[in-house]
Every structure is written in C-alpha cells, then in structure tokens.
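Notes follow once the structure below has been shown.
Letters A, B, ... mirror the listed sequences (proteins, then strands); counts begin at 1.
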There are 2 protein chains.
Amino acid sequence: MERRRKVPNPLALAVLAWLLWEPMHPYELGRRLKQSGQDRQIRYTRSSLYMVIEQLTRAGFVAPQETVRDSARPERTVYAITDDGRHEVHDWLRTLLAQPRQEYPHFAVALSLLSLLPPDEAVEVLRRRSAALAGRIEETRTTVAEARADGVAWIFLVEEEYSLALLEAERRFVTDLVESLKQPDYAKSWQETMGDRT
Amino acid sequence: MERRRKVPNPLALAVLAWLLWEPMHPYELGRRLKQSGQDRQIRYTRSSLYMVIEQLTRAGFVAPQETVRDSARPERTVYAITDDGRHEVHDWLRTLLAQPRQEYPHFAVALSLLSLLPPDEAVEVLRRRSAALAGRIEETRTTVAEARADGVAWIFLVEEEYSLALLEAERRFVTDLVESLKQPDYAKSWQETMGDRT
DNA sequence: CCTCCTTTAGTCAGTCCTGACTATCCAGGA
DNA sequence: TCCTGGATAGTCAGGACTGACTAAAGGAGG
C-alpha cells in the first residue's frame with residue numbers, strides 16, 4: 001500500500017528542500033538547517049548529515065556537482081538536486097502532511113508504567129514535568145514573538161505553533177493527571193494491589 | 001549532567017518492567033507487550049526484542065536463568081531481572097516522567113516546509129489529515145471505552161488518554177491552520193513570493 | 001493422510017547511525 | 001610572539017536496527 005522511501009530519514013527531506021533552492025556542500029546545509037531553526041524539528045548530527053547525503057546520492061535524488069578547494073581549506077563537494085529528487089520532495093511532503101503517522105513519544109511508555117511508582121512519588125515527578133513544560137512553553141512563545149518582531153511571516157512559524165499546541169495540551173493533561181493521582185482512593189487502591197513489592 | 005542510559009531503547013524499559021513481575025523468555029515478552037497494548041506506545045520488531053535483551057544482558061540488567069526445551073520446541077532462554085535492573089527501571093521511569101524530552105514528530109518537519117506547496121494543495125492535504133485524525137480519535141475512544149467496560153482501572157489507560165489529548169490538540173491545530181491557509185491574502189502573497197518555480 | 005496456513009521461536013546479513021576523532025585557519029588575549 | 005578557543009570541513013570504527021529468512025509443530029480442510 002504505502003511504498004517505503006528510499007531514504008526514510010526526515011533529515012533527507014530538509015536537505016532536498018534546501019537543494020531545491022540552490023546547490024550546496026554538506027557543511028553549508030548544516031549551517032542553513034541550524035540558522036533556520038529546523039534543527040528544532042529534526043534530530044541529526046553532522047555525521048548523519050554526510051551519511052544522508054551519501055544515501056541520497058545512491059538513491060539518485062542528488063548528484064555531486066563539483067569539488068572546490070579554495071584557500072587551502074578542506075575540499076568541499078557541492079551537491080545538486082535531480083529531477084527524481086524534486087519529485088521526491090513533493091511526493092514525500094504531501095504524504096507527511098496528509099497521513100498522520102503513529103508517533104512513539106517516550107513519555108507515553110513511561111505513562112503506561114506509571115502504576116509502578118507509589119502515588120506520592122508519581123505526583124512529585126509529574127509536578128516537576130509540569131514546571132519544565134511551562135518553561136518550554138515560555139521559550140517557544142518568546143522564539144515566535146521575536147521572529148514575528150523581525151518580520152518573519154506566520155507561514156514560516158507554523159511548526160513552532162504546532163509544538164506550542166502540543167506542549168500546551170500535554171501540560172493540561174499532566175495537570176489533570178496530578179489531580180487524579182492525589183485522590184485518596186487512588187493511594188488506597190495502589191496500596192492494596194501493589195503493597196507486595198520491594 | 002544527564003548520564004546516558006546503557007540501553008537507551010525504550011523497549012528495554014518495558015522489558016525490564018515485565019521482568020519485574022516474573023522471569024520470562026523473549027517470545028513470551030513479545031506476547032505480553034502485544035496483549036497489554038504496549039506495542040502502541042513502543043516501536044519494535046521481534047528481532048529488536050532479541051537485540052535489546054542481549055544488550056540488557058551485557059549491561060547486567062538481566063541475566064539468563066535457564067534454557068528450557070519442552071516437547072521438541074526450539075529451546076527458549078528464560079531471563080530474570082537483576083538488582084541493577086530493578087534500580088534502572090525505577091530511575092529511568094522517574095527521569096522519563098519528570099523531564100520532557102524534545103520529540104521530533106515527522107509532521108513538524110513537513111509543516112516547516114509547508115510554504116513549498118501551493119495554497120490550495122496545502123488545504124487539500126491538510127483536510128485529508130484532519131479526517132484521518134478524526135478516525136484515530138474515534139478508534140482510541142473506542143479502545144478506552146471497551147477496556148473500561150472490561151473493568152480495567154483508569155491508571156492502566158493513562159497512556160491512551162495521553163494519545164487522545166495529543167490527537168485532539170493536533171486536530172484543532174490543523175483545523176485552524178486550514179482556515180488560515182484559505183484566506184485570500186495567503187494565496188496572494190504565496191503567488192508573489194513563490195511564483196518563480198517549476 | 002496429505003497439504004497448507006498459522007503460531008511458536010529465533011537467527012542473520014547488511015544497512016544505518018552515533019560518538020569520537022582529525023586537521024586547518026583565524027581572532028584575540030597574555 | 002605564542003597559545004587557546006572556536007569555526008570550518010570531513011572521516012571512521014563499531015554498535016544498533018530492520019527486513020528477510022529458517023524451522024518445527026499444530027490444526028483445518030479436503
């Protein structure tokens with residue numbers, strides 16, 4: 001049904017998108033990713049960047065254009081996007097937007113094991129999370145406000161607004177959860193079922 | 001500051017948690033993970049399950065207990081958790097709950113490239129997402145309702161409630177986004193800035 | 001009784017990815 | 001003048017992960 005991507009790493013999508021603009025060498029791509037703030041949406045290291053470009057080359061989505069060496073610097077290979085690459089960006093982008101993917105946040109795993117902790121301990125750690133979330137929300141709001149003040153159009157900030165929406169939803173969820181855990185019924189039933197442990 | 005886990009894969013946490021209960025062989029662990037619905041929070045394959053158990057053994061968090069072979073079946077190695085393992089579960093769980101981790105949803109990457117699509121195309125694909133999200137929400141609600149009807153306590157359904165909260169937040173976000181993209185101002189400014197492309 | 005499908009149980013080749021490393025240039029302080 | 005730190009640019013060993021494979025037993029259907 002759903003054909004597997006030749007280079008499934010989302011970093012590859014960002015790379016292709018930048019190469020749509022103009023040919024570049026890997027290090028320059030890294031700089032753009034960082035300056036545009038896309039490193040907040042994509043987990044990568046410099047090595048994985050080189051790896052992904054190699055994979056994209058094998059897949060035929062990009063092609064090395066030239067190897068320049070100016071002023072005794074290490075030589076840099078400039079890559080350009082191919083027609084297949086252009087097609088891949090468009091197709092991949094449509095798919096990512098249209099089809100929600102099952103995501104696997106670490107927090108969900110931890111929640112599924114919440115019953116292992118004594119109620120008061122659970123309340124304590126979740127309160128710490130709530131405070132940390134509040135901090136993240138504040139940071140993101142500041143980032144967005146500053147960018148807006150610099151004249152950045154809203155369409156280039158949607159991803160931050162999305163993060164914000166998720167953070168706020170999580171914070172509401174955690175707050176409610178703490179309230180539920182504080183109910184004396186919970187402490188009682190936890191004692192009854194989990195009393196026998198180390 | 002934050003010490004790296006010896007076995008960072010979240011599957012390892014779930015494995016340790018099950019072994020807290022009683023010693024088991026890998027295949028049995030796989031069955032429990034599936035039956036308890038934890039396969040909805042953790043991405044894994046059977047091979048990664050064996051890999052992770054091997055890593056846990058090397059890390060000293062679990063230890064092979066015995067190799068049984070009943071009725072000519074392939075032999076199964078039963079693993080038990082160690083004291084280090086017990087400590088690791090507790091410590092890891094607390095950390096995961098208390099500290100929000102930067103997550104990297106694919107959708108956020110796609111959103112950061114939304115401006116590449118013509119406005120009407122963007123609206124079209126996001127509407128499809130919205131419909132798909134509605135389906136997911138419905139499914140999750142059903143799962144929760146059925147479990148509750150079977151007498152499952154709410155604490156064992158928190159992870160589903162969390163998924164639900166995120167799905168609903170995302171749906172609200174997408175709905176609002178579609179409205180913004182439909183504004184004629186957007187179509188106009190997109191034409192102006194992106195008119196020059198293939 | 002034969003065949004085919006499903007379940008049980010695990011292995012393995014090859015790719016992917018990360019962390020650590022190499023090496024050069026330039027600016028600024030001591 | 002020398003030393004240090006940071007930016008530039010990239011490589012590489014080794015471990016982690018996936019998809020495809022092996023293999024035996026049980027049950028259903030003809």
Side-chain angles (χ1 to χ4, degrees), chain A residues 1-15 18 23-35 39 42-59 61-62 64-79 101-102 104 106, chain B residues 1-15 18 23-35 39 42-62 64-79 101-102 104:
Chain A
M1 183 193 269
E2 153 90 275
R3 160 183 121 265
R4 269 112 215 85
R5 300 276 151 201
K6 286 189 189 167
V7 189
N9 191 330
L11 175 57
L13 181 61
V15 164
W18 276 107
M24 260 174 256
H25 60 97
Y27 193 85
E28 174 67 19
L29 274 161
R31 209 180 312 157
R32 306 263 180 124
L33 285 169
K34 180 147 242 176
Q35 272 169 3
D39 57 336
I42 307 173
R43 181 208 310 278
Y44 73 96
T45 60
R46 213 165 50 261
S47 358
S48 57
L49 186 55
Y50 285 92
M51 292 292 136
V52 156
I53 289 171
E54 203 183 299
Q55 290 162 32
L56 286 171
T57 307
R58 277 207 303 275
F61 294 147
V62 306
Q65 216 185 20
E66 48 170 352
T67 298
V68 285
R69 163 184 291 257
D70 57 69
S71 71
R73 280 292 174 72
E75 58 179 26
R76 302 162 304 174
T77 305
V78 173
Y79 291 84
R101 249 188 184 299
Q102 170 80 327
Y104 297 87
H106 282 34
Chain B
M1 180 193 270
E2 152 91 273
R3 163 182 119 265
R4 269 111 215 84
R5 301 277 151 200
K6 286 189 190 168
V7 189
N9 190 330
L11 175 57
L13 180 62
V15 163
W18 276 108
M24 261 175 257
H25 58 97
Y27 193 85
E28 175 67 18
L29 274 161
R31 210 181 312 159
R32 305 263 181 125
L33 286 170
K34 180 146 241 179
Q35 271 168 5
D39 58 335
I42 308 173
R43 182 209 309 277
Y44 72 98
T45 60
R46 210 161 56 260
S47 354
S48 59
L49 186 54
Y50 285 92
M51 292 291 137
V52 157
I53 289 171
E54 202 182 299
Q55 292 162 32
L56 286 171
T57 307
R58 277 206 303 274
F61 295 147
V62 306
Q65 216 185 22
E66 48 168 352
T67 298
V68 287
R69 162 182 291 256
D70 58 69
S71 70
R73 278 291 175 71
E75 58 178 26
R76 299 164 306 175
T77 305
V78 173
Y79 291 84
R101 245 183 190 302
Q102 170 79 327
Y104 299 86

Nearest whole angstrom, please: distance from the [atom2] of [N] to the [atom1] of [X].
X	N	atom1	atom2	answer
L49(A)	dG10(D)	CG	P	10 Å
I42(B)	dC17(D)	CD1	C1'	16 Å
H25(B)	dG10(C)	NE2	P	7 Å
I53(A)	dT11(D)	CD1	C1'	14 Å
R4(A)	dT15(C)	CZ	P	18 Å
R46(A)	dA23(C)	CZ	C1'	12 Å
Y50(A)	dC21(C)	OH	C1'	14 Å
R76(B)	dA24(D)	CZ	P	17 Å

Ignoring the backbone of [X], work out which of [options] is nearest its side chain.
X	options	answer
T45(A)	dT18(C), dA9(C), dG10(D)	dT18(C)
P26(A)	dC16(C), dC17(D), dG10(D)	dG10(D)
S47(B)	dC12(D), dT7(C), dT11(C)	dT11(C)
R43(B)	dG10(D), dT18(D), dA16(D)	dT18(D)

Any chance you could lay out the side chain to side chain contact (heavy atoms under 4.5 Å, CB included) test for M24(B) and W18(B), step after step, and finish with the verdict? CA-CA 8 Å; M24(B) 261 175 257; W18(B) 276 108; 4.1 Å; yes

Counting C-beta onward and ignoring hydrogens, is there a side-chain heavy-atom pair between L33(A) and L49(A) closer than 4.5 Å?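 Side chain of L33(A) against side chain of L49(A), heavy atoms only: contact under 4.5 Å found.
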
Would you indicate what R31(A) reaches in the nucleic acid, counting non-hydrogen atoms under 4.0 angstrom: base, sugar-phosphate, or nothing?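 If one applies the 4.0 Å heavy-atom cut-off, R31(A) turns out to touch the sugar-phosphate alone, with no base involved.
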
Phosphate contact ([N] OP1 or OP2) by [X] side-chain N/O below 4.0 Å:
X	N	value
S48(A)	dC17(C)	no
N9(A)	dC16(C)	no
R58(B)	dA16(D)	yes

